[in-house]
Amino acid sequence: MSTLEIKDLHVSIDTEQGVIPILKGVTLTINTGETHAIMGPNGSGKSTLASTIAGHPRYTVDSGTITLDGEDVLSMSVDERARAGLFLAMQYPVEVPGVTMTNFLRTAKTALDGEAPSLRHWTKDVKTAMSALRIDADFAQRNVNEGFSGGEKKRVEILQLELFRPRFAILDETDSGLDVDALKVVSEGVNREHSKGEMGTLLITHYTRILRYIKPDFVHVFVAGRIAEQGGPELADRLEEEGYDRFTAQTPVEA
């Protein structure tokens, strides 16, 4: 079992208006085999947490720690974090003109594993994963995300998840912009990988609809850069009924 541990994390961002604190003491522990859902109103710091774990240079860690099996994640470069087993499915996947899906996927897998995968087995794995996610085979020869719809980009994120097999997957609003059919397909992909028992999942979302397909073990409510409440799956049901009104007395921050 692997453990991703976040302790008393304080994060800020430097803006034209000055330094703005965003995360104000977040503590969270995720083990492989577990699914944690982070919910909360806009501007509560959810995406900041995801970006900080992944190593986005825009954010400054003022204090606190992030460790993976005791190793200091904050001292790692972005590529070192990926090789250590951290994966971020982005809220807004970027287009990469001039780089085909085929080249990107195999190059990334080679970088992660330190050696190129067997071409015969790799080709089979890619085709199988694309078929399961209902991604047209022609997409393999298209440039990464170029001209893809929002739903297609999110499916490609989960394609990477299934092929790269990280220890911890951070899914930043993967459900955003998906219709019901696409949401089911994406959720099935996450569940397939999670069912192997070798991955922990941190699922960031505003809404409970994705939690109908990806069942969380733990739910954490973010408000104003802190965890305001924690519980099991029943907490998500309560949020579905009540919303975030009882938390809005606190002033949110920018994410």
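Proximity of a side-chain donor or acceptor of Ser149 to a complementary backbone N or O of Glu152 within less than 3.5 Å is detected. Counting only distance, with no hydrogens or angles, the side chain of Arg226 and the backbone of Gly25 share no donor-acceptor pair below 3.5 Å. Side chain of Arg209 to backbone of Asp175: a donor-acceptor contact under 3.5 angstrom is found. Side-chain atoms of Thr15 come within 3.5 Å of backbone N or O of Gln17 as a donor-acceptor pair.
At a threshold of 4.5 Å between side-chain heavy atoms, the hydrophobic network of Ile, Leu, Val, Met, Phe, Trp and Tyr places Ile20 and Tyr59 in one connected group. A continuous path of hydrophobic side-chain contacts links Phe222 to Val61 [ILVMFWY only; heavy atoms under 4.5 Å]. Connection of Val78 to Ile66 is not established within any shared hydrophobic cluster, with ILVMFWY side chains joined at heavy-atom distances below 4.5 Å, either directly or through further cluster members. Connection of Leu119 to Phe104 is not established within any shared hydrophobic cluster, with ILVMFWY side chains joined at heavy-atom distances below 4.5 Å, either directly or through further cluster members. Note on Leu74 and Val11: same hydrophobic cluster, where clusters join Ile, Leu, Val, Met, Phe, Trp and Tyr whose side-chain heavy atoms are under 4.5 Å apart, directly or indirectly.
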inquiry  = Pair Gln91, Ser47 - check side chain to side chain donor-acceptor pair (under 3.5 Å), show working.
reply    = CA-CA 8 Å; Gln91 184 177 356; Ser47 291; 3.3 Å; yes
request  = Show the numbers, then the answer: is there a side chain to side chain contact (heavy atoms under 4.5 Å, CB included) between Phe148 and Arg155?
outcome  = CA-CA 10 Å; Phe148 292 14; Arg155 293 186 197 202; over 6 Å; no
request  = Evaluate side chain to side chain contact (heavy atoms under 4.5 Å, CB included) for Ser44 paired with Met39, printing each intermediate quantity in order.
outcome  = CA-CA 9 Å; Ser44 57; Met39 306 183 70; over 6 Å; no
ask   = Do Asn31 and Thr3 pass the side chain to side chain donor-acceptor pair (under 3.5 Å) test, and can you show the C-alpha distance, the side-chain angles, and the key distance before you say yes or no?
value = CA-CA 4 Å; Asn31 297 307; Thr3 300; 2.7 Å; yes
ask   = Going through the distances and angles, do Thr60 and Asp14 end up as a side chain to side chain contact (heavy atoms under 4.5 Å, CB included)?
value = CA-CA 8 Å; Thr60 299; Asp14 194 1; 5.9 Å; no
query = Does the side chain to side chain contact (heavy atoms under 4.5 Å, CB included) test come out yes or no for Thr35 and His194, once each step is laid out?
reply = CA-CA 8 Å; Thr35 296; His194 190 82; 3.1 Å; yes
request  = Give the intermediate values and the outcome of salt bridge (charged side-chain N to carboxylate O under 4.0 Å, His left out) for residues Arg212 and Glu240.
outcome  = CA-CA 11 Å; Arg212 298 169 191 164; Glu240 175 78 6; 3.8 Å; yes
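Annotation: side chain of Thr102 is in contact with side chain of Gln141 (closest heavy-atom distance under 4.5 Å). Looking at Ile6 and Leu49, their side chains come closer than 4.5 Å, going by heavy atoms from C-beta outward. The shortest side-chain heavy-atom distance between Ile158 and Val190 falls under the 4.5 Å cut-off. Looking only at side-chain heavy atoms (C-beta outward), Leu28 and Leu202 come within less than 4.5 Å of each other. Residues Pro166 and Leu161 form a side-chain contact, since some pair of their non-hydrogen atoms from C-beta on lies under 4.5 Å apart. In this structure the side chain of Arg83 never reaches within 4.5 angstrom of the side chain of Met76, judged on heavy atoms. Looking at heavy atoms from C-beta onward, Met101 lies in side-chain contact with Val144 at the 4.5 angstrom threshold. Put simply, the side chain of Leu163 reaches to within 4.5 Å of the side chain of Trp122, judged on heavy atoms.
Sorted by first and then second residue, the side-chain hydrogen bond (donor to acceptor under 3.5 Å, both in side chains) pairs involving residues 177-189 (not counting sequence neighbours) form an empty list. For residues 128-137, there are no side-chain hydrogen bond (donor to acceptor under 3.5 Å, both in side chains) pairs, not counting sequence neighbours.
Across all non-hydrogen atoms, the minimal contact from Lys46 to Thr205 is CE-O, 4.1 Å. Across all their heavy atoms, Asn143 and Val96 have their closest contact at CB-O, 3.8 Å. The two atoms that bring His206 and Gly40 nearest to each other are ND1-O, 3.2 Å, heavy atoms only. The two residues Asp69 and Ser2 come nearest to each other via the heavy atoms OD2-OG, 3.0 Å. In plain terms, the two heavy atoms of Val219 and Gly232 that are nearest each other are CG2-O, 3.5 Å. Here the closest non-hydrogen pair linking Thr110 and Ala116 is OG1-CA, 3.3 Å.
Once rounded to the nearest 0.5 Å, the distance linking CE of Met130 with CG of Asp138 reads 8.5 Å. Going from atom CZ of Arg192 over to atom CG of Leu133 covers 5.0 Å, rounded to the nearest 0.5 Å. Here Ile170 contributes atom CD1 and Thr201 contributes atom OG1; the two are 10.0 Å apart, rounded to the nearest 0.5 Å. Of the inter-residue distances, the one linking Asp62 atom CG with Lys24 atom NZ reads 12.0 Å to the nearest 0.5 angstrom. Between the CD1 atom of Ile204 and the CD atom of Glu173 there is a distance of 7.5 Å, given to the nearest 0.5 Å. Separation of atoms CD (Glu5) and CD1 (Ile30) is listed at 10.5 Å; rounding is to 0.5 Å.
A search for ring pair (Phe, Tyr, Trp, His ring centres under 6.0 Å) contacts involving Phe164 returns nothing, not counting sequence neighbours.
Taking 4.0 Å as the cut-off between side-chain N and carboxylate O, Asp113 and Lys109 count as a salt-bridged pair.
For the side chain to side chain contact (heavy atoms under 4.5 Å, CB included) test with Glu198, the passing option among Glu193, Arg167, Arg165 is Arg165; the others fail.
The 12-atom threshold is exceeded at CD of Glu95, counting heavy atoms of other residues, nucleotides or ligands nearer than 6.0 Å. Atom CD of Glu115 has 12 or fewer neighbouring heavy atoms from other residues, nucleotides or ligands inside a 6.0 Å radius.
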